[in-house]
S.K.: 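What follows is a structure written as structure tokens; I'll ask about it next.
Here is how names work: the chains are called A, B, and so on, in the same order as the sequence lines, proteins then strands, and each is numbered from 1. All values reported here derive from a predicted model rather than from experimental measurement.
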Number of protein chains: 2
Amino acid sequence: MPEKVTIATVARRARVSRQTVSNVLNAPHIVREETRLRVQEAIAALGYRANQAARQMRTGRSRLIAVRIEPTRDGINGSVLDRFLHGLTETAETAGYRTMLYTATDDQQEIATYDDLLSSYELDAFVLTGTDHGDPRTAWLAARGVPFVTFGRPWDAPESHPWVDVDGAAGTAAATAHLLAAGHRRIGFVGWPAGSGVGDDRRTGWHRSLVAAGVDPVGLDRQTPDGIAEGERVARELLDRATPTALVCASDSLALGALQAVRARTPAVPVIGFDDTPVAGAIGLSSVSQPLGEAAARCVDLLTAVLDGSHPATDHVLLQPSLVLRHTT
Amino acid sequence: MPEKVTIATVARRARVSRQTVSNVLNAPHIVREETRLRVQEAIAALGYRANQAARQMRTGRSRLIAVRIEPTRDGINGSVLDRFLHGLTETAETAGYRTMLYTATDDQQEIATYDDLLSSYELDAFVLTGTDHGDPRTAWLAARGVPFVTFGRPWDAPESHPWVDVDGAAGTAAATAHLLAAGHRRIGFVGWPAGSGVGDDRRTGWHRSLVAAGVDPVGLDRQTPDGIAEGERVARELLDRATPTALVCASDSLALGALQAVRARTPAVPVIGFDDTPVAGAIGLSSVSQPLGEAAARCVDLLTAVLDGSHPATDHVLLQPSLVLRHTT
DNA sequence: GGGCAAGATTGGATCGTTCAAGTTGCTGGA
DNA sequence: TCCAGCAACTTGAACGATCCAATCTTGCCC
């Protein structure tokens, strides 16, 4: 078992003081080149790595970022978070940060977890996913001056904190436009109940596109909580009453249900989902794809900008989704 | 901004020394009850939380567990890891540990990451997923005496380290037995190339069941790398040449492909997949379901047993999967 | 060659916790 | 009476890094 390598070991080998080694690591420009090279050689030869705990105790910074991992709800949309998480971990690593996970069942418990993570581990920042109207979590974090980024817009006050989001309206608009271009007029929308920022946003894109094309959207949309069975139920009803010739959906779960309704009724009706989940790819469902890897990278960019003190040019990023066409159109 | 609460703050308020506070936290039995209550009252009143970095510096333990997050490969099996991760984080939290993520592209790079995480963050333990024959990672960790658990058996030396796994052979055996009970005799198997522990195990269950029922399995199985297209290709060939009346598959990806082949050829042939992924649930594919939450919990159990010094009764756990029947049978 | 300033290096203090060794006060046996 | 033995608590030192202030080099100019 090799002896533990500390900054003192490196200093002895390079025949300099501890402080000089520290300077090579944290402020290389103030160390003479010859000395710096000697120290770096010693670091490499000994395989030295700075002890984070000791560094953290002195500086108060842990180089740790926390993200919440949610229980996979209906299982279909779960992979969205999964892909985002992977991107986040990867980008954070290259920026010198590590990712820590936590779970929470409700906002209140999540806030208690923030408190614990902050005082026990001195986390540098949080990444929140899926914010909603009047989110108490962002208010709590902002009040204590804790750095954080949300993946998802703050639907109340647009400029209150850094965020990254994907333009959902543009996604459904593109889907609708594609169907319009294919000659469809009566394009239905299967979405979530009004009130959720994300859901309303996705509905907006469909609505806007239809109006722009001179089609009256009244009566062509339905609302339901997310789920395959729910999607099938409302799509069935929508097909019967409003006789749309194509459907745009707020999620792949809903689209999957809609697809089953369509197959039972009028097989020629195309369906487009949202999120481009593995399920969509597997069954050939056209869907709106979010650039999750890039979203994660932008989150890390914004965070490091705040943490390293450099004020970024922008404090929010809106990414464009893309339409992935498969069999169902 | 309230002043930082340290062990000294608590000590002052409870009119005891720092060490007594520390004893209340780490060895309550050696402190007189009256004093202990006074200290606990002070801790609660001040909202004190032990600083992990300082504790870690002294004890060398971080109460941190690392898990690798893999890039979702074909996207279907990704959710397996996702569900496992969630369970792991949740159980670890209740045991007083936090979960840290890392990424790696190959074994060599992953080992370099171990080295970094160990010397920089002094991680307490690792959880590895998907080990294989002669895995260099477990050898490296074992050689340095780093605690770790694998989710997946060590296929070479069964007793070399703690592990948790799901009995894949039992899963495919149950699937095959179900089909036999339904009157099928010529039951085909679509699996992975020989050599992977997991793949061979799953094939074994099918093989064993057929032999036990007096059916000759020769010629009834095919091998291919994982994937939907791959599954469809070999299933098509298998259906043409060996005319099986039912199919058991080593993964949901393969099963999905097989299902497409079946629909194109002989729609009545039932198909059973493996992993019970969201895709299976969505399209009504019968599948073998792994108890991932429990597997994660058992991993944490084994780790805490090692870390807290108490030798556990067993150092490995083999869980039983269950068969989830849907439309495709 | 001496003085001086800028730059490079040094030693000591510090972060918050736990370990090791010490102090105090009390009990009980010779 | 005296002190060993114990329980309960206190004090000083240490973990490994960075910050701060002081000291030492070096180059340069007069």
S.K.: Has B/Ser62 got a side-chain atom pairing as donor or acceptor with B/Glu122's backbone, closer than 3.5 angstrom?
M.R.: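 Yes: the side chain of B/Ser62 pairs with the backbone of B/Glu122.
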S.K.: Is the phosphate of C/dT9 approached by A/Thr35 (side-chain N or O, under 4.0 Å from OP1 or OP2)?
M.R.: yes
S.K.: I want to confirm an ordering. Mapping B/Arg49 and A/Arg15 to their closest nucleotides on DNA chain C, which one lands closer to the 5' end?
M.R.: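 Comparing both residues, the 5'-ward one is A/Arg15.
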S.K.: Can you check whether A/Phe126 reaches A/Leu118 side chain to side chain, under 4.5 Å on heavy atoms?
M.R.: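 A/Phe126 reaches A/Leu118 side chain to side chain.
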S.K.: Think A/Asn26 has a side-chain N or O under 4.0 angstrom from the OP1 or OP2 of D/dT18?
M.R.: yes
S.K.: Let me spell it out: for each of B/Arg58 and B/Arg32, pick the nucleotide of DNA chain D with the closest heavy atom. Which residue's pick is nearer the 5' end?
M.R.: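 The 5'-side residue here is B/Arg32.
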S.K.: OP1 or OP2 of C/dT17 versus the side-chain N and O atoms of B/Tyr48: is any pair under 4.0 Å?
M.R.: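 Result: yes.
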S.K.: Could you state the atom-to-atom distance from CZ of A/Arg12 to C1' of D/dG16 in whole Å?
M.R.: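 The answer, rounded to whole Å, is 13 Å.
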S.K.: Return the value, rounded to whole Å, for the distance between atom CD of B/Glu33 and atom C1' of D/dC9.
M.R.: 17 Å
S.K.: Out of C/dT17, C/dT18, D/dT18, which nucleotide sits closest to the side chain of B/Gln19?
M.R.: C/dT18
S.K.: Check the distance between C/dG7's P and A/Arg36's CZ and give it to me in whole angstrom.
M.R.: 15 Å
S.K.: Is any side-chain N of the basic residue among B/Asp116 and A/Arg98 closer than 4.0 Å to the acidic one's carboxylate O?
M.R.: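 Yes, B/Asp116 and A/Arg98 are salt-bridged.
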S.K.: I need the CG-P distance between A/Asn51 and D/dA14, as an integer number of Å.
M.R.: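 Roughly 18 Å, once rounded to whole Å.
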S.K.: Provide, to the nearest angstrom, the distance between the CD atom belonging to B/Glu122 and the C1' atom belonging to D/dA17.
M.R.: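 Taking atom C1' of D/dA17 as the reference, CD of B/Glu122 is at 12 Å.
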S.K.: Measuring to OP1 and OP2 of D/dT10, would you say a side-chain N or O of B/Ser17 lies under 4.0 angstrom away?
M.R.: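 Checking D/dT10 against B/Ser17, a side-chain N or O does come within under 4.0 Å of OP1 or OP2.
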S.K.: Heavy-atom count check: over 12 atoms from other residues, nucleotides or ligands less than 6.0 Å from B/Arg61 CZ?
M.R.: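 Yes, because the 6.0 Å sphere around CZ of B/Arg61 holds more than 12 heavy atoms from other groups.
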S.K.: Measure the distance from CD1 on B/Ile43 to P on C/dT17 and round it to the nearest whole Å.
M.R.: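 Checked: the CD1 to P distance equals 10 Å.
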S.K.: Distance check: side-chain N/O of A/Ser22 vs OP1/OP2 of D/dT18, anything under 4.0 Å?
M.R.: yes
S.K.: By the 4.0 Å heavy-atom rule, please label B/Ala53 as base, sugar-phosphate, or nothing.
M.R.: nothing
S.K.: How many Å lie between CZ on B/Arg38 and P on D/dA8, as a whole number?
M.R.: 14 Å
S.K.: Think A/Arg63 forms a cation-pi with A/Tyr97, using NZ or CZ under 6.0 Å from the six-ring centre and within 45 degrees of its axis?
M.R.: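 Yes, a cation-pi geometry.
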S.K.: Rounding to a whole Å, what distance do you find between A/Ile30:CD1 and D/dC20:C1'?
M.R.: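 In whole Å, D/dC20 C1' and A/Ile30 CD1 are 13 Å from each other.
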S.K.: Ignoring the backbone of A/Arg18, work out which of D/dT10, C/dA13, C/dG16 is nearest its side chain.
M.R.: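 For the A/Arg18 side chain, the nearest candidate turns out to be C/dA13.
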S.K.: Is the shortest side-chain N/O distance from B/Thr20 to OP1 or OP2 of D/dT10 below 4.0 Å?
M.R.: yes
